[in-house]
Amino acid sequence: MAESVELPGRLAILPFRNKVLLPGAFIRIRCTSHTSVKLVEQELWQREEKGLIGILPVRDAAEMTSMDSVLSQGVGSESGERSSKVQINTSDAHTVDGKSHPEVIHWHKRGVAARALHLSRGVEKPSGRVTYIVVLEGLCRFNVEELSTRGPYYTAKISPLEMTKAEMEQVEQDPEFVTLSRQFKATATELISVLEQKQKTGGRIKVLLETLPLHKLADIFVASFEMSLEEQLSMLDSVDPKVRLSKATELVDRHLQSIRVAEKITQKVEGQLSKSQKEFLLRQQMRAIKEELGDNDDDEDDLVALERKMQSAGMPSNIWKHAQRELRRLKKMQPQQPGYNSSRVYLELLADLPWQKASEEQELDLKAAKDHLDSDHYGLVKVKQRIIEYLAVRKLKPDASGPVLCFVGPPGVGKTSLASSIAAALGRKFVRISLGGVKDEADIRGHRRTYIGSMPGRLIDGLKRVGVCNPVMLLDEIDKTGSDVRGDPASALLEVLDPEQNKSFNDHYLNVPYDLSKVIFVATANRAQPIPPPLLDRMEVIELPGYTAEEKLRIAMQHLIPRVLDQHGLSSEYLQIPEAMVKLVIQRYTREAGVRNLERNLAALARAAAVRVAEQEQVVSVSKDVQKLASPLLDNRLAEGAEVEMEVLPMGVNNHEISNTFKISSLLVVDELMLEKILGPPRFDDQEAADRVATPGVSVGLVWTSFGGEVQFVEATAMVGNGELHLTGQLGDVIKESAQIALTWVRARAADLKLAAAKETNLLQGRDIHIHFPAGAVPKDGPSAGVTLVTALVSLFSQKSVRADTAMTGEMTLRGLVLPVGGIKDKILAAHRHGIKRVILPERNLKDLVEVPASVLSSLEILLAKRMEDVLEHAFDGGSPWRQHSKL
Ligand code: ADP
C-alpha cells in the first residue's frame with residue numbers, strides 16, 4: 001500500500017451504488033454500462049501508466065427509505081446504468097449533495113481515490129458489447145468540490161482529505177490517540193485470535209497488525225466486515241484518525257461479539273440437529289458452492305426429482321439403502337465423469353420398477369370371466385374350461401403357486417389373446433415378453449453393470465414397462481430359446497417359474513433381488529418337444545391344435561370381420577363379406593392351422609373398401625354442407641318423400657361425382673371378382689395333390705411343423721448310376737436314416753412286391769436313387785416319413801402312381817412294422833385343409849382320433865395300418881402291386 005498518494009485536482013468518478021469502498025480495501029467490479037465502459041477505457045485501459053479514478057458512493061431513493069431491500073442487490077456492477085439516469089435528468093453541473101434530484105439519486109460528498117490493479121476486457125456475444133472487469137484498490141479519501149457531467153462520464157473537482165505526514169506525526173503524539181490505538185489493537189488482536197481458531201486464516205492479518213499504521217488498519221478491518229451502508233458511510237466520513245479509530249474499535253468489538261453469539265447458537269443448535277437436518281444444510285451449502293462455480297443446476301434439480309421418485313417407489317428397506325448409497329455416489333460425481341450416466345440410468349430403473357405398486361385385483365367373478373373368454377374366442381371349449389378352473393383356484397387361494405399355464409399350438413390359434421383374456425378377467429395388466437431366438441442367458445438375467453451398454457434382462461424390463469408388480473406376464477415362444485456358449489436361458493427361466501426361487505429373482509444388472517412371486521406367468525410355445533424337460537415340468541401344457549375350415553369360418557364371421565371393420569373405421573353398412581366369400585378366402589388364400597393369414601386377408605379387403613369409402617366421403621361431405629344450409633327445405637321434402645339427394649347436390653357437380661354420391665348409399669359386398677382383384681389369383685386349390693402325384697414315384701405324407709400339421713410330398717426318381725441313394729431337401733439325421741430303412745425294406749421285398757422278376761435281381765443294379773422333399777428351404781426331420789418314403793419308392797419301382805386323395809404318416813421299422821407317431825390331430829386337420837379324402841395312420845394312433853373334431857372325421861376316410869403292406873394296400877388304386885399280383 002502506498003504511503004501517501006499525490007491526488008490530482010480532478011478525478012474521473014465512478015458512482016458506486018449503495019456501497020462504499022474504503023481505503024485499503026479491494027474490489028472487483030464488472031463495468032457493462034456505456035458510461036462506466038467509457039470511463040475505464042479512457043482513464044485506465046488506454047493509458048500507459050494506470051491512472052487513478054474516484055469511487056463515489058451514491059444512494060438511490062429506495063435505498064434512502066428501505067435500506068435492506070437495496071443492499072441485497074449487491075455490488076455496483078450495474079452502477080453506471082443507474083447513474084446514467086442522473087445524467088439524463090440533470091443539468092450540466094451537479095451539486096454534490098444532490099439536492100436537485102433527491103428523489104432519484106443521492107450523491108455522497110466524500111469518496112475514495114482508487115487505482116486499478118488488474119484490468120480485463122471482454123466482448124459479449126452476439127451483441128458485440130464491450131465489458132471490463134476491474135480490480136481496484138482504495139487508496140485515500142477525498143472531498144468532492146464540484147461534480148460535472150460534461151463528457152461521456154462524470155468528473156469531479158476534488159480536494160484531498162488525508163493528513164500529511166507531519167500532521168499525522170503530531171496526532172500520534174496525542175495521548176488520546178495513543179489510548180484509542182491501544183484499545184483498537186487489543187480488540188483487533190482478539191478478533192484475529194477468534195478468527196484464527198475458527199478458520200485458521202489469521203496469520204496474514206496478524207502481520208498487517210504489526211506493520212501498518214493503525215488508523216489505516218482501521219479502514220481495512222472495517223472494510224472486511226458486513227456492515228450497513230450507513231455504517232460504511234460514517235466510516236468513510238471519519239476523516240479524523242481519532243474518530244476513525246474509536247469507530248473502528250466499536251465496530252470490531254461489535255463484530256467480535258456477534259461472532260461469539262453466533263458460535264454459542266451454533267453450538268447449541270448443532271447438538272439438536274438431527275442427521276437429516278445436517279444433511280439438508282450441507283446439501284444447501286453444496287448447492288451454493290456449485291452455483292458459485294457456475295455448475296449446471298439442472299442436473300441438481302434432476303437429481304432432486306430422481307430422489308423424490310425413488311422415495312415414492314416403495315422399495316424394500318435393504319434396497320432403499322442400496323439405492324441411497326448409489327445416489328450419494330452419483331451426487332458426488334460430475335455429470336461429465338465416466339459412470340455418471342450409467343449410475344443415473346441404473347437409479348432411474350430402481351425408481352421406475354414397481355416394487356409395491358400393483359393393480360388392484362378385482363373380486364373375481366367366474367361367470368363374467370367365462371363370458372369374457374366366450375365373447376373373445378370362438379370354440380376352444382376345453383381350453384376355456386381349463387382357464388376357468390385355473391381362475392377358480394386362484395379365487396379360492398390367491399397366493400396359490402399353481403403350475404404355469406403353457407399354451408402350445410401353431411401360430412394364430414389365439415394363444416396370446418387367451419393370455420390377455422386371463423389378465424382382463426383378473427383385472428390385471430398384461431405384458432408380453434418375447435423369448436423367440438433368445439440364446440443368451442443375459443437376455444433373461446441382464447448384463448452386469450460393469451459391461452458397457454449393460455441392460456436389465458427382459459423380465460425386469462417388462463416389469464418396468466408395465467409399471468405394476470402383479471401383471472400377467474406372457475413368456476412368448478418359450479420353445480424358441482436355445483442355449484450356446486453364452487449360457488442357458490432356460491435355466492434362468494427355471495428360476496423365474498419356480499415359486500420357491502422367484503421371490504428373490506436376481507437380475508445381474510439390477511444386482512438386488514426382485515420379488516416375482518406376485519406375477520402370474522403364462523407361456524406359449526409352438527411345440528412342447530423343444531422345451532427343456534425341467535422347464536416343461538413346471539408348466540401345464542394346454543394344446544391348441546388349430547382350427548378346421550368350419551371353425552375358421554365361424555371365427556371369421558363372429559370375431560375377425562367385426563374387429564377388422566372396426567380397425568379400419570368401417571362398419572357393415574359399408575362393407576359386407578358374405579360367408580361364401582370367407583369360405584373362398586379360407587380355401588384358396590390360406591392354408592394354415594391358425595387364423596392369422598385369414599385375418600390379414602380380411603384386412604386387405606377392408607383396406608380396399610376403406611379407400612373407396614374415403615374417396616366417396618369427400619363428395620358426401622360437400623353434399624352434407626349443402627344439406628345443412630337447406631335443412632328446412634330438406635325436412636319438407638323428406639316429409640313429402642322426395643328425392644333429397646338430387647335436390648341438395650351443389651351446382652356444377654359433374655356426373656362422376658353424382659354417381660359417387662349415390663354409391664355411398666350402396667354398400668360394398670365382396671364377390672369373387674373383387675376377391676381376385678384384391679387378393680390376387682387363388683394361391684391354393686384342391687387340385688395340387690392330384691397334379692403332383694400324377695407321375696409314379698411321388699407320395700403324399702403328413703408332417704408336423706411348428707406351424708401345425710402340413711402335407712409333405714415325397715419325390716423319388718431313378719437314374720443311371722452305381723446304386724447310390726441321394727437325399728435332398730434339408731433333411732435331418734433321423735429322416736435320412738428313415739430313407740435308408742425304406743430303401744432297404746423295398747430292396748429286401750423287391751421280389752414279394754413283384755418289383756423285380758427274380759429274387760436275386762438287385763433293384764439298384766446300374767442305377768442311383770434320388771429322394772427329394774420339396775420346399776427345399778425348410779429343414780425337416782423326424783421318423784414319421786417312413787411309410788411315405790416306402791410308398792414313393794414302391795411307386796417308383798412299380799411305375800404305378802399312388803392315389804392323389806390319400807395321405808399317410810407313420811414310422812416304419814426295418815422289418816416293416818408301422819409305429820405310431822405324434823401330432824395326429826394337426827396332421828388330420830392339415831389333410832382336411834388340403835382337400836385330402838383318405839388318411840393312412842398307424843393302427844396304434846387310433847386313440848388319438850378322439851381329439852379330432854367330428855366334422856373333420858366325418859369328411860375323411862381313416863385307414864389304419866399295422867404293417868407296411870397295409871399301407872401299400874391302401875395307397876394304390878386297386879391295392880398294393882404285391883397283393884394284386886397274388887390275387888391273380
Ligand atoms: P398366437 O398367439 O397363437 O400366435 P394370437 O393370439 O395372436 O395367436 O391370435 C391371432 C389372431 O386370431 C388374434 O387376433 C386372435 O384374436 C384371433 N383368434 C385366434 N383364435 C381365435 C378364436 N378362437 N376366436 C376368436 N379369435 C381368435
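Computed from a predicted model, the values in this text were never measured in an experiment. Both counts, for ligands and for their atoms, begin at 1 and track the order of listing.
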**Student:** Would you check the N or O atoms of Ile555, main chain and side chain alike, for any that come under 3.5 Å of an N or O of ligand 1?
**Tutor:** no

**Student:** For atom 7 (O) of ligand 1, what is the closest protein heavy atom, and at what distance to 0.1 Å?
**Tutor:** Arg596 NH2, 2.9 Å

**Student:** Considering non-hydrogen atoms of the protein only, which is the closest contact for atom 24 (N) of ligand 1, and what is the distance?
**Tutor:**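 Answer for atom 24 (N) of ligand 1: Tyr378 N, 2.9 Å.
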
**Student:** Between Lys384 (side chain only) and Gly379 (backbone N and O only), is there a donor and an acceptor less than 3.5 Å apart?
**Tutor:**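 Yes, because the side chain of Lys384 sits within donor-acceptor range (under 3.5 Å) of the backbone of Gly379.
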
**Student:** May I ask you to decide if Ile735's main-chain N or O and Asp781's side chain share a donor-acceptor pair within less than 3.5 Å?
**Tutor:**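 Confirmed, Asp781 side chain pairs with Ile735 backbone.
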
**Student:** Could you tell me, atom by atom, which parts of ligand 1 come under 4.0 Å of a heavy atom of Pro411?
**Tutor:**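 Once the distances to Pro411 are compared, the set is 4 (O).
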
**Student:** Do the charged groups of Arg432 and Asp476 touch, with an N to O distance under 4.0 Å?
**Tutor:**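 A salt bridge is present here (some side-chain N lies under 4.0 Å from a carboxylate O).
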
**Student:** Any salt bridge linking Glu579 with Arg554? Criterion: basic side-chain nitrogen under 4.0 Å from a carboxylate oxygen.
**Tutor:**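 Yes, Glu579 and Arg554 are salt-bridged.
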
**Student:** Are any of the N/O atoms in Leu380 less than 3.5 Å from those in ligand 1?
**Tutor:** no

**Student:** Before signing off on this row, confirm whether Gly412 and ligand 1 have an N or O atom pair separated by under 3.5 Å.
**Tutor:** yes

**Student:** Please check if any side-chain donor atom of Asn502 sits under 3.5 Å from a side-chain acceptor atom of Ser517, or the reverse.
**Tutor:** no

**Student:** Below 4.5 Å, heavy atoms only, C-beta onward: do Leu459 and Asp507 meet side chain to side chain?
**Tutor:** no

**Student:** Using non-hydrogen atoms of the residue, decide whether Tyr547 is closer than 4.0 angstrom to ligand 1.
**Tutor:** yes

**Student:** Of the protein's non-hydrogen atoms, which lies at the shortest distance from atom 18 (N) of ligand 1, and what is that distance?
**Tutor:**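 For this ligand atom, the closest protein heavy atom is Val595 CG2, 3.7 Å.
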
**Student:** Is the closest basic N to carboxylate O distance between Lys825 and Asp848 below 4.0 Å?
**Tutor:**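 Here Lys825 does not pair with Asp848 in a salt bridge, since their nearest N and O are not under 4.0 Å apart.
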
**Student:** Using a heavy-atom cut-off of under 4.0 Å, does the side chain or the backbone of Glu599 touch ligand 1, or both, or neither?
**Tutor:** side chain

**Student:** To the nearest 0.1 Å, how far is atom 6 (O) of ligand 1 from its closest protein heavy atom, and which atom is that?
**Tutor:**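 For this ligand atom, the closest protein heavy atom is Ser417 N, 2.9 Å.
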
**Student:** Which atoms of ligand 1 have any heavy atom of Thr416 under 4.0 Å away?
**Tutor:** 1 (P), 2 (O), 6 (O), 7 (O)

**Student:** Give a yes/no on ligand 1: does Asp376 have at least one heavy atom closer than 4.0 angstrom to it?
**Tutor:**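 Contact present.
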
**Student:** Ignoring hydrogens and angles, state whether a donor on the side chain of Ser417 or His377 is under 3.5 Å from an acceptor on the partner side chain.
**Tutor:** yes

**Student:** For atom 16 (O) of ligand 1, which of His377, Arg563, His559, Arg600 has the closest heavy atom?
**Tutor:**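 Looking at heavy atoms only, Arg563 sits closest to atom 16 (O) of ligand 1.
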
